[in-house]
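So that the names make sense, note that chain A is the first sequence line, chain B the second, and so on, each numbered from 1.
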Amino acid sequence: MAVLALVDCNSFYAACEQAFRPDLLDRPVVVLSNNDGCVVARSKEAKALGIRMGEPWFQARQRLGEGGAVTALSSNYALYADMSRRVMRLLARFAPCQEIYSIDECFLDLTGLPEDPGALGRRLRDTVRRWTGLPVCVGIGPTKTLAKLANRLAKQDAGWEGVCDLGACAAADRDRWLAATPVAAVWGIGPRLASRLEALGMRSALDLAGADPRRLQRTFSVVVERTALELRGVPCLALEDLPPDRQQIQCSRSFGAPVTAPRELAEAVTTFVSRAAEKLRAQRSEAGAVSVMIRTNLFAADAPQYSNSLVVGLPEPSADTRVLARAALRGLRRLYRPGFRYAKAGILLLALTPAARHQADLFTPDRSDRGERLMATLDRINRRYGRETILLAGAGLHRRWAMHQANRSPRYTTRWDELPVARC
DNA sequence: TCTGGGGTCCTAGGACCC
DNA sequence: TCTGGGGTCCTAGGACCC
């Protein structure tokens with residue numbers, strides 16, 4: 001039987017902020033989404049105040065009376081990404097196989113290790129705490145879905161002290177925990193599926209585990225069938241230690257202020273393409289098409305609305321920012337309608353293929369240089385001297401549309417000039 | 001005034017093939 | 001009256017995840 005652990009940081013973004021601001025420990029802290037829009041992370045104390053995940057901050061703030069005692073921080077992805085890298089590297093030492101599942105969680109394969117899984121979980125939790133300052137919880141089970149569920153129990157029930165090993169439970173105890181878990185809390189069961197399952201009488205994780213898999217497959221999909229089997233301890237989801245290349249790369253942002261000028265939309269689109277193309281080259285892929293999207297503010301019910309997107313195909317795949325940006329701007333010109341106040345734009349790179357297997361276009365004159373050397377140099381400079389040290393002129397320098405970030409903490413770990421200062 | 005961003009997988013249905 | 005059978009590929013849309 002496999003032994004899988006899911007290690008998940010508690011309130012990750014908020015905990016990263018607190019790690020560098022001890023004065024914020026044990027206090028209500030929230031981290032806001034881009035543009036300071038929604039609450040995306042909450043410290044325990046902020047949760048206790050009833051602030052909901054994804055809640056618009058301006059609403060929570062009003063409810064609490066100008067925010068009350070809550071410290072609200074703009075998101076600082078440079079910091080979170082770097083802290084994530086540290087935690088993941090540390091965790092990788094504890095197991096031969098690791099799947100990094102998201103910025104704040106990973107699966108570890110503990111199968112066959114000599115140490116008791118629960119004891120290993122506690123050791124790993126202490127180490128992460130001591131070395132990074134971040135609290136994590138560990139869930140252990142024979143399948144990914146059960147490890148996820150165990151992690152939820154460890155987080156929710158202080159009795160577990162941060163580590164829950166469902167594999168070590170007696171079957172009757174395990175069933176009791178499954179029965180106490182609402183079906184909506186099972187990994188892979190979202191709100192839609194949950195209400196359909198409940199309508200059929202399956203309210204708990206135990207109900208789902210006990211259902212006939214074939215019937216689930218017929219009524220819902222193989223996804224639900226697999227989830228049910230995983231809850232029974234039958235592995236259906238493998239641990240993937242090598243992250244596959246992305247099949248699409250997107251970049252989109254809400255604007256800090258409404259945009260009406262096509263010139264400014266073009267700046268934003270060029271900026272987003274540049275960002276995405278960098279990621280594209282990092283995984284050594286090329287894009288065969290670019291999709292562009294613009295829209296007005298969906299929440300401004302009385303303002304005229306417009307939302308549209310289109311896909312621009314390339315004659316041959318490219319990873320050259322200039323080529324991709326030209327295509328995107330061609331799309332933008334077709335999409336643009338005057339007279340609207342635009343709130344958001346985005347781009348999506350699609351039809352990604354490995355650059356090493358470039359497929360040339362029969363009718364495009366052959367060019368031995370597809371801008372690869374120039375792009376490689378550009379990436380190197382920007383890696384070394386910081387993002388956007390060199391950028392396309394079309395990406396603009398003034399950026400009236402740039403997102404709103406009223407209260408971003410310093411990039412403590414990735415900028416020399418923003419290092420924290422210790423006093424003795 | 002103020003409402004995020006970036007992904008994946010599956011299914012159904014249409015187009016097309018022999 | 002009655003109009004085959006089996007397959008692939010692509011796309012849009014839905015659902016999920018963090």
Side-chain angles (χ1 to χ4, degrees), chain A residues 6 8-13 30-41 51-63 66-67 72 74-75 77 80-81 84 99-107 144-145 148 151-152 183-197 216-227 236-237 240 243-258 272 275-276 279-280 283 288-289 291 293 295-303 309-311 313 341 343-352 403-407:
Chain A
L6 178 74
D8 189 321
C9 302
N10 304 351
S11 313
F12 180 59
Y13 297 168
V30 297
V31 176
L32 306 179
S33 63
N34 275 334
N35 230 13
D36 291 347
C38 299
V39 174
V40 292
I51 301 174
R52 293 185 309 276
M53 183 67 178
E55 184 176 12
W57 172 235
F58 77 93
Q59 285 173 3
R61 200 169 125 200
Q62 276 166 19
R63 201 180 57 238
E66 288 317 294
S74 307
S75 39
Y77 286 103
Y80 312 148
S84 170
E99 174 186 337
I100 297 176
Y101 179 68
S102 75
I103 193 163
D104 75 331
E105 62 188 298
C106 73
F107 289 99
K144 283 180 154 182
T145 305
K148 267 279 198 188
N151 189 282
R152 181 175 185 275
V183 75
V186 173
W187 189 41
I189 305 298
R192 304 288 172 107
L193 285 170
S195 58
R196 288 175 62 198
L197 286 164
L216 290 174
Q217 200 272 326
R218 271 200 315 273
T219 322
F220 298 94
S221 67
V222 297
V223 182
V224 178
E225 179 191 18
R226 285 201 284 247
T227 298
C236 300
L237 305 172
E240 291 167 24
D245 281 345
R246 300 259 162 268
Q247 297 176 30
Q248 45 181 249
I249 296 173
Q250 56 176 305
C251 184
S252 65
R253 292 282 180 279
S254 299
F255 300 135
F272 302 158
R275 195 72 56 83
K279 292 186 194 167
L280 181 71
Q283 69 166 38
S291 165
M293 176 279 293
R295 71 162 155 79
T296 51
N297 183 356
L298 300 170
F299 298 96
D302 41 353
S309 73
L310 63 79
V311 176
R341 289 158 63 82
K344 180 174 180 172
I347 67 96
L348 176 63
L349 303 181
L350 319 143
L352 306 193
M403 67 184 179
H404 193 65
Q405 284 200 308
N407 198 10

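Looking only at side-chain heavy atoms (C-beta outward), K279(A) and R246(A) stay at 4.5 Å or farther from each other. Side-chain contact between L6(A) and E105(A) is present, with heavy atoms from C-beta onward closer than 4.5 Å.
One atom, CD1 of I103(A), and another, C1' of dG4(B), lie 14 Å apart when rounded to the nearest Å.
No contact: R61(A) has no heavy atom under 4.0 Å from any strand. Backbone-only engagement by Q247(A) is indicated by non-hydrogen atom pairs under 4.0 Å involving sugar-phosphate atoms exclusively. I189(A) comes within contact range of the sugar-phosphate backbone alone, with a heavy-atom separation under 4.0 Å but no base atom that close. Across all strands, L193(A) comes closer than 4.0 Å only to sugar-phosphate atoms, never to a base (heavy-atom distances). Using a 4.0 Å heavy-atom distance criterion, R275(A) is classed as making no nucleic acid contact. No contact: V31(A) has no heavy atom under 4.0 Å from any strand. Residue E225(A) is out of contact with every strand shown, counting any heavy-atom pair closer than 4.0 Å.
Residue S221(A) places no side-chain N or O under 4.0 Å from the OP1 or OP2 atom of dA15(C). Distances shorter than 4.0 Å separate some side-chain N or O of S252(A) from OP1 or OP2 on dG6(B). Residue K344(A) has a polar side-chain atom (N or O) positioned under 4.0 Å from OP1 or OP2 of dG5(B).
You'll find that the side chain of W187(A) is closest to dC17(C), out of dT11(B), dC17(C), dG6(B). Set against dC10(B), dT3(B), dG4(B), the side chain of R226(A) has dC10(B) as its closest nucleotide. When distances are taken from the side chain of Y101(A) to each of dC17(C), dG4(B), dC16(C), the shortest belongs to dC17(C). For V222(A), the listed nucleotide lying nearest its side chain is dT11(B); candidates were dC18(C), dG4(B), dT11(B).
dT3(B) sits 25 Å from dC18(C) when the P atoms are compared, rounded to a whole Å.
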